[in-house]
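Note sheet for the following structure.
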Amino acid sequence: MEKVMGLALEKGVVIFSKSSCCMCYAVKILFQGIGVEPLVYELDHDPDGREMERALMRMGCAPPVPAVFIGGKLRGSTNEIMSLHLSGSLNQMIKPYQQHQNLS
């Protein structure tokens, strides 16, 4: 769990993912579309991936990926992130980490 928390603090938006996960891909594309380049850890490419996956499940992530951290805090998986996005709350959370502002 320490490794997960340490990695989650490395950048404003961190996503723990698996390269074969379509929901992970959707969440990554969502963040890119709103001007955030998240730091992505592909657990299936990391030698400690299985242990990090277990740590994410102990933290309450079910399924364990995608697990999104914003400002070092676990914000949830696909359903939670999409709900935050649809309600407008996600934009407020990510403002400090946006690389460009949407012009729409």
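Heavy-atom basis, side chains included; hydrogens, waters and symmetry copies ignored.
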Crowded around R50 CZ? As in, over 12 foreign heavy atoms under 6.0 Å? no
For Q32, run the side-chain contact (heavy atoms from CB on, under 4.5 Å) check against I29, L30, V36, I34 and tell me which one passes.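 For Q32, the side-chain contact (heavy atoms from CB on, under 4.5 Å) check succeeds only for I29.
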Please name the pair of heavy atoms, one in [X] and one in [Y], separated by the smallest distance, quoted to 0.1 Å.
X   : Y   : value
P66 : T78 : CG-OG1, 3.3 Å
C24 : K18 : SG-N, 3.7 Å
S17 : E42 : OG-OE1, 3.1 Å

Check ring pair (Phe, Tyr, Trp, His ring centres under 6.0 Å) between F69 and all other residues, then give those that pass, not counting sequence neighbours. F16
Hydrophobic cluster membership, with links at side-chain heavy-atom distances under 4.5 Å among I/L/V/M/F/W/Y: are [X] and [Y] in one?
X   : Y   : result
I15 : M23 : no
V68 : L9  : no
V14 : M5  : yes
Y41 : Y25 : no

Show your reasoning for whether side chain to side chain contact (heavy atoms under 4.5 Å, CB included) applies to I70 and L90. CA-CA 10 Å; I70 301 173; L90 184 63; 3.6 Å; yes
Enter the distance from [X]:[atom1] to [Y]:[atom2] here, rounded to the nearest 0.5 Å.
X   : Y   : atom1 : atom2 : result
D44 : E53 : CG    : CD    : 9.0 Å
L56 : R54 : CG    : CZ    : 11.5 Å
E80 : C61 : CD    : SG    : 8.0 Å

What ring-ring contact (aromatic ring centres under 6.0 Å, His included) pairs are there with at least one residue in residues 70-90, not counting sequence neighbours? none
Treating Q92 as the side-chain partner and S89 as the backbone partner, does any N or O pair qualify as donor plus acceptor under 3.5 Å? no
Side chain to side chain, K11 and P38, heavy atoms closer than 4.5 Å: no
If the condition is salt bridge (charged side-chain N to carboxylate O under 4.0 Å, His left out), which residues does D48 pass it with, not counting sequence neighbours?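 D48: salt bridge (charged side-chain N to carboxylate O under 4.0 Å, His left out) contacts with K3.
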